[in-house]
Colleague: 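Shown below is the structure under consideration.
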Amino acid sequence: MALLKEFKDFALKGNVLDLAIGVIIGAAFGAIVKSMVEDLITPLILSPILEKAGLEDIKELTWGAGVKYGNFLSNVISFIIVAFVLFLIVKAVNSTRKKEAPAPAAPPAPSNEEKLLMEIRDALKAKQ
């Protein structure tokens with residue numbers, strides 16, 4: 001029972017839930033980027049290159065004994081896009097965070113009059 005309670009406490013912590021939500025959203029974002037690369041970038045930008053190579057899809061690019069480097073290139077393009085978007089998100093979050101407040105300045109030293117009054121007070125206390 002203790003193990004089950006400990007697991008429940010762990011699983012319901014805010015950080016674990018935030019991480020789970022991030023993973024789910026990340027997977028969905030990855031699918032969007034994959035579609036963008038395969039359905040937009042490849043046909044629009046890479047079509048002339050593929051036509052010269054006599055291919056219809058980037059995934060058909062092979063080298064030597066069937067090394068499919070076209071699929072690899074597609075995944076590299078997807079990674080670069082995801083990494084760039086994450087960089088922009090982190091940069092935006094960092095810029096919105098409050099900058100550390102400067103430490104409060106030390107109180108000013110007592111004036112000569114205050115020092116004299118403190119000496120008088122201390123002298124009166126000592127006589128009692």
Colleague: With clusters defined by side-chain heavy atoms of hydrophobic residues (ILVMFWY) lying less than 4.5 Å apart, directly or transitively, does I80 cluster with F72?
Modeller: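 Yes, it is one cluster - the side chains of F72 and I80 are joined through contacts under 4.5 Å.
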
Colleague: Please round to the nearest 0.5 Å and tell me the distance separating atom CG of L117 and atom CG of D122.
Modeller: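 One gets 11.0 Å once the value is rounded to the nearest 0.5 Å.
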
Colleague: Can you tell me how far the CG atom of D39 sits from the NZ atom of K34, to the nearest 0.5 Å?
Modeller: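 Rounded to the nearest 0.5 Å, the CG-NZ separation comes out at 10.0 Å.
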
Colleague: With rounding to the nearest 0.5 Å, note down the distance linking CG in L3 to NZ in K5.
Modeller: 12.0 Å

Colleague: Examine L40 and L73 and state if one hydrophobic cluster contains both, with Ile, Leu, Val, Met, Phe, Trp and Tyr joined whenever side-chain heavy atoms are less than 4.5 Å apart.
Modeller: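 In one cluster with L40: L73, yes.
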
Colleague: CG of N112 to CG of L116: how many Å apart, nearest 0.5 Å?
Modeller: 8.5 Å

Colleague: Using the rule that Ile, Leu, Val, Met, Phe, Trp and Tyr join whenever any side-chain heavy atoms are under 4.5 Å apart, tell me whether V82 and V85 fall into a single cluster.
Modeller: yes

Colleague: Looking at CZ of R121 and CD of E114, how far apart are the two atoms once the value is rounded to the nearest 0.5 Å?
Modeller: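 Between atom CZ of R121 and atom CD of E114 there are 11.0 Å.
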
Colleague: Any donor and acceptor pair, going by atom type alone, linking the side chain of S35 with main-chain N or O of I32 inside 3.5 Å?
Modeller: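 Answer holds: no.
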
Colleague: If you take all heavy atoms of S78 and V33, which pair is closest and at what distance?
Modeller: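 Here S78 and V33 meet closest at O-CG1, 3.6 Å.
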
Colleague: What distance separates E6 CD from L4 CG, expressed to the nearest 0.5 Å?
Modeller: 10.5 Å

Colleague: Do M36 and F29 belong together in a cluster built from hydrophobic side chains that touch within less than 4.5 Å?
Modeller: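 M36 clusters together with F29.
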
